[in-house]
Amino acid sequence: QVQLVQSGGGAAEAGGSLRLDCVASSARALNSYTISWFRQSSGEERAFVAGLAWGDGVTYYGASVKGRFVLTRDIAKNTVSLQMDNLKPEDTAVYYCGASARAYSDYAGSYWYDYWGQGTQVTVSS
């Protein structure tokens with residue numbers, strides 16, 4: 001069982017920055033988990049944004065955010081943070097962090113994620 005609590009997000013203008021944090025709580029070590037951020041716009045499916053393999057810290061990025069978003073972790077705080085720079089209106093969505101012990105190489109598939117945070121709205125105005 002993993003509990004995920006999100007914070008951050010909000011509103012920004014195009015070209016601006018926002019940050020999202022996801023704190024993971026688990027009775028077992030997170031080494032076997034992939035912690036990822038997904039986003040979902042109205043009427044759209046949940047789409048992969050960025051992910052991190054907790055065991056070795058390897059990060060993965062979706063094509064639309066590569067070079068603009070950076071995913072980091074704080075091991076002591078069990079926190080994964082998504083720094084979002086050079087925001088665009090199309091980044092507007094509800095963002096969710098998810099945890100999976102089953103994703104392996106298919107980290108972008110939301111169906112592998114068993115645990116989700118509460119969701120956070122990110123709105124980017126032009």
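Please read these numbers as outputs of a predicted model, since none were measured by experiment. FYI, side chains are in, hydrogens and waters are out, and symmetry mates aren't considered; it's all heavy atoms of this structure. If you read the sequence from its start, that first residue is 1, and numbering goes on from there.
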Worksheet item: Given Ser64 and Arg39, is the side-chain contact (heavy atoms from CB on, under 4.5 Å) satisfied, shown in steps?
Response: CA-CA 12 Å; Ser64 62; Arg39 64 189 182 188; 3.2 Å; yes
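- Residues Gln83 and Ser17 share a closest heavy-atom pair of NE2-CB, 3.8 Å.
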Worksheet item: Stepwise, does the side-chain contact (heavy atoms from CB on, under 4.5 Å) test hold for Val124 with Glu90?
Response: CA-CA 8 Å; Val124 184; Glu90 51 263 42; over 6 Å; no
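- Taking all atoms of both residues into account, the shortest heavy-atom contact from Ala99 to Val2 is CB-CG1, 4.2 Å.
- For residues 49-103, the ring-ring contact (aromatic ring centres under 6.0 Å, His included) pairs, not counting sequence neighbours, are Tyr60-Tyr107.
- Under the 4.5 Å side-chain heavy-atom criterion for ILVMFWY residues, no single connected hydrophobic cluster contains both Met84 and Phe38.
- A donor-acceptor pair under 3.5 Å is formed between the side chain of Ser100 and the backbone N or O of Trp112.
- To the nearest 0.5 Å, the span separating NZ on Lys88 from OG on Ser126 amounts to 13.5 Å.
- Within 6.0 Å of the CH2 atom in Trp116, the count of heavy atoms belonging to other residues, nucleotides or ligands exceeds 12.
- Hydrophobic clustering places Leu30 together with Leu20 (ILVMFWY residues linked when any side-chain heavy atoms are closer than 4.5 Å, directly or through intermediates).
- For Asp114, the salt bridge (charged side-chain N to carboxylate O under 4.0 Å, His left out) criterion is met by Arg102, not counting sequence neighbours.
- Counting only residues at least two apart or on different chains, the disulfide bond (SG atoms under 2.5 Å apart) pairs with a member in residues 55-126 are Cys22-Cys97.
- Summarising the geometry of Gln40 relative to Glu44, their closest heavy-atom pair is NE2-O, 3.1 Å, with the distance given to 0.1 Å.
- A continuous path of hydrophobic side-chain contacts links Leu82 to Leu87 [ILVMFWY only; heavy atoms under 4.5 Å].
- Here the side chain of Gln6 pairs a donor or acceptor atom with the backbone of Gly119 at under 3.5 angstrom.
- Leu52 and Thr72 make their closest contact through CD1-C, 4.2 Å (heavy atoms, listed as atom of the first residue, atom of the second, distance).
- Scanning all heavy atoms of the two residues, the minimum distance from Leu4 to Ala24 falls at CD2-CB, 3.7 Å.
- Nearest heavy atom pair, residue Gly51 against residue Ser36, reads CA-OG, 3.2 Å.
- With hydrogens and angles ignored, the 3.5 Å screen pairs no side-chain donor or acceptor of Thr79 with any backbone N or O of Val23.
- Cluster annotation: Tyr113 and Val94 are assigned to the same hydrophobic cluster (Ile/Leu/Val/Met/Phe/Trp/Tyr, side-chain heavy-atom contacts under 4.5 Å, transitive).
- To the nearest 0.5 Å, atoms CH2 (Trp37) and OG1 (Thr120) are separated by 5.5 Å.
- Distance check, rounded to the nearest 0.5 Å: OG of Ser81 to CG of Leu71 gives 8.0 Å.
- Note on Tyr115 and Tyr111: separate hydrophobic clusters, where clusters join Ile, Leu, Val, Met, Phe, Trp and Tyr whose side-chain heavy atoms are under 4.5 Å apart, directly or indirectly.
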